[in-house]
There are 2 protein chains.
Amino acid sequence: MTKIKETSTNFENKKLLAEECLEVYASGIIGGQWTLAICCYLINGKLRFGELKKCLPAITERMLTLQLRKLEENKIVTRTVFAEVPPRVEYELTPVGYQLSTIIKNLEDWGRKHKQLMKS
Amino acid sequence: MTKIKETSTNFENKKLLAEECLEVYASGIIGGQWTLAICCYLINGKLRFGELKKCLPAITERMLTLQLRKLEENKIVTRTVFAEVPPRVEYELTPVGYQLSTIIKNLEDWGRKHKQLMKS
DNA sequence: TAGGATACTATCAAAAAGGGAAGTAATGAC
DNA sequence: GTCATTACTTCCCTTTTTGATAGTATCCTA
């Protein structure tokens with residue numbers, strides 16, 4: 001999750017696919033390793049940076065920051081900074097962010113079925 | 001898409017997340033760069049290796065093979081080899097594979113909305 | 001005046017994903 | 001006997017993502 005190289009074949013491929021295939025586009029946006037997990041927690045209401053970190057004990061601060069920035073860029077969360085010391089920053093889903101709940105639910109259902117199937 | 005290192009922190013994190021979060025589990029399975037695109041084409045019926053390749057002009061044979069193998073491992077597609085020369089191999093979605101259609105549709109709808117939003 | 005709280009940022013390294021090009025096996029057509 | 005066809009496999013390299021660790025700023029408290 002750093003800068004992307006706009007000359008790589010990989011970049012081109014991603015762009016092309018996302019252009020002609022809305023589901024690929026969507027999965028590119030919510031497909032980061034922690035993205036969905038973060039959204040899951042935010043769906044129950046806004047959370048501070050530190051609270052999210054507690055929800056995801058294994059995430060590093062760097063990763064959490066990167067993912068939140070990406071979500072913010074993609075207008076899926078809003079970031080509100082309170083001018084206090086120590087600082088307080090709250091993250092909340094936007095309307096499009098909340099609209100992910102259907103997808104999340106479907107993924108959950110499908111995931112359950114699939115997991116069951118793989119066990120047998 | 002090569003071997004994964006079962007000792008890496010990354011591997012551990014993925015495992016943990018997938019265990020406690022079915023939507024993360026699901027997105028890990030269908031989240032490859034070409035996975036959803038492949039499923040999209042297969043949803044209309046079985047296709048041969050070469051036909052898939054034509055559907056995705058930019059994919060390399062290597063990648064297509066890897067993705068299909070992963071899909072097969074995850075019981076999302078079946079692979080049927082016909083003992084002919086030149087060889088013929090057909091790929092078809094399994095029932096769970098077909099059940100992805102809901103998710104694909106959701107992603108498509110959400111993607112459309114999101115894309116619209118980002119333009120404004 | 002040293003330490004704590006919070007939300008980061010910076011730097012370096014490792015792992016994972018993806019790409020390019022060439023090679024393989026079997027057989028029928030020419 | 002050479003070529004074409006098909007579905008791969010191999011090897012090596014680049015790009016992208018993720019992890020580990022160590023800072024930074026500000027003010028309040030003890």
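Heavy atoms only: backbone and side chains are in, while hydrogens, waters and symmetry mates are out.
With sequence neighbours excluded, the residues that form a side chain to side chain contact (heavy atoms under 4.5 Å, CB included) with B/T9 are B/N13. Applying the side chain to side chain donor-acceptor pair (under 3.5 Å) criterion to B/E108, with sequence neighbours excluded, gives no partner residue. With sequence neighbours excluded, the residues that form a side chain to side chain contact (heavy atoms under 4.5 Å, CB included) with B/L16 are B/E12, B/E19. Every side chain to side chain donor-acceptor pair (under 3.5 Å) that A/T35 has, sequence neighbours left out, goes to A/Q67. Qualifying side chain to side chain donor-acceptor pair (under 3.5 Å) partners for A/K113, counting only residues two or more places apart in sequence or in other chains: B/Q99.
Contacts between residues 40-50 of chain B and DNA chain C, defined by a heavy-atom separation under 4.0 Å, are absent. Listed by residue number, B/S8, B/N10, B/K14 are the residues of residues 8-15 of chain B with a heavy-atom contact under 4.0 Å to DNA chain C. Residues from residues 23-31 of chain A that place a heavy atom under 4.0 Å from any atom of DNA chain C: there are none.
Within the structure, salt bridge (charged side-chain N to carboxylate O under 4.0 Å, His left out) pairs that include any residue of residues 72-87 of chain A comprise A/E84-A/R88 (at least two apart or interchain). Among residues at least two apart or in separate chains, side-chain hydrogen bond (donor to acceptor under 3.5 Å, both in side chains) pairs with a member in residues 39-56 of chain B are B/K53-B/E61.
Using a 4.5 Å heavy-atom cutoff, the side chains of B/K115 and B/R112 are not in contact. The shortest side-chain heavy-atom distance between A/C21 and B/L36 does not fall under the 4.5 Å cut-off. B/W110 places a side-chain heavy atom less than 4.5 Å from the side chain of A/I29. Taking 4.5 Å as the limit, some side-chain heavy atom of A/L56 sits within range of a side-chain heavy atom of B/L17. In this structure, B/T80 and B/E92 have side chains that are not in contact, with every pair of non-hydrogen atoms separated by 4.5 Å or more.
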Generate the contact string for nucleotides 21-30 of chain D. Rules: B means base contact, S means sugar-phosphate contact only, - means no protein heavy atom under 4.0 Å. -----BB---

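Nearest-nucleotide mapping onto DNA chain C: of A/R79 and B/W34, the residue sitting toward the 5' end is A/R79.
Contact between the side-chain N/O atoms of A/Q67 and the OP1/OP2 oxygens of D/dT18 is found at a separation under 4.0 Å.
Relative to the axis of its first five pairs, the axis of the last five pairs of the helix from C/dT1-D/dA30 to C/dC30-D/dG1 sits at 30°, rounded to 10 degrees.
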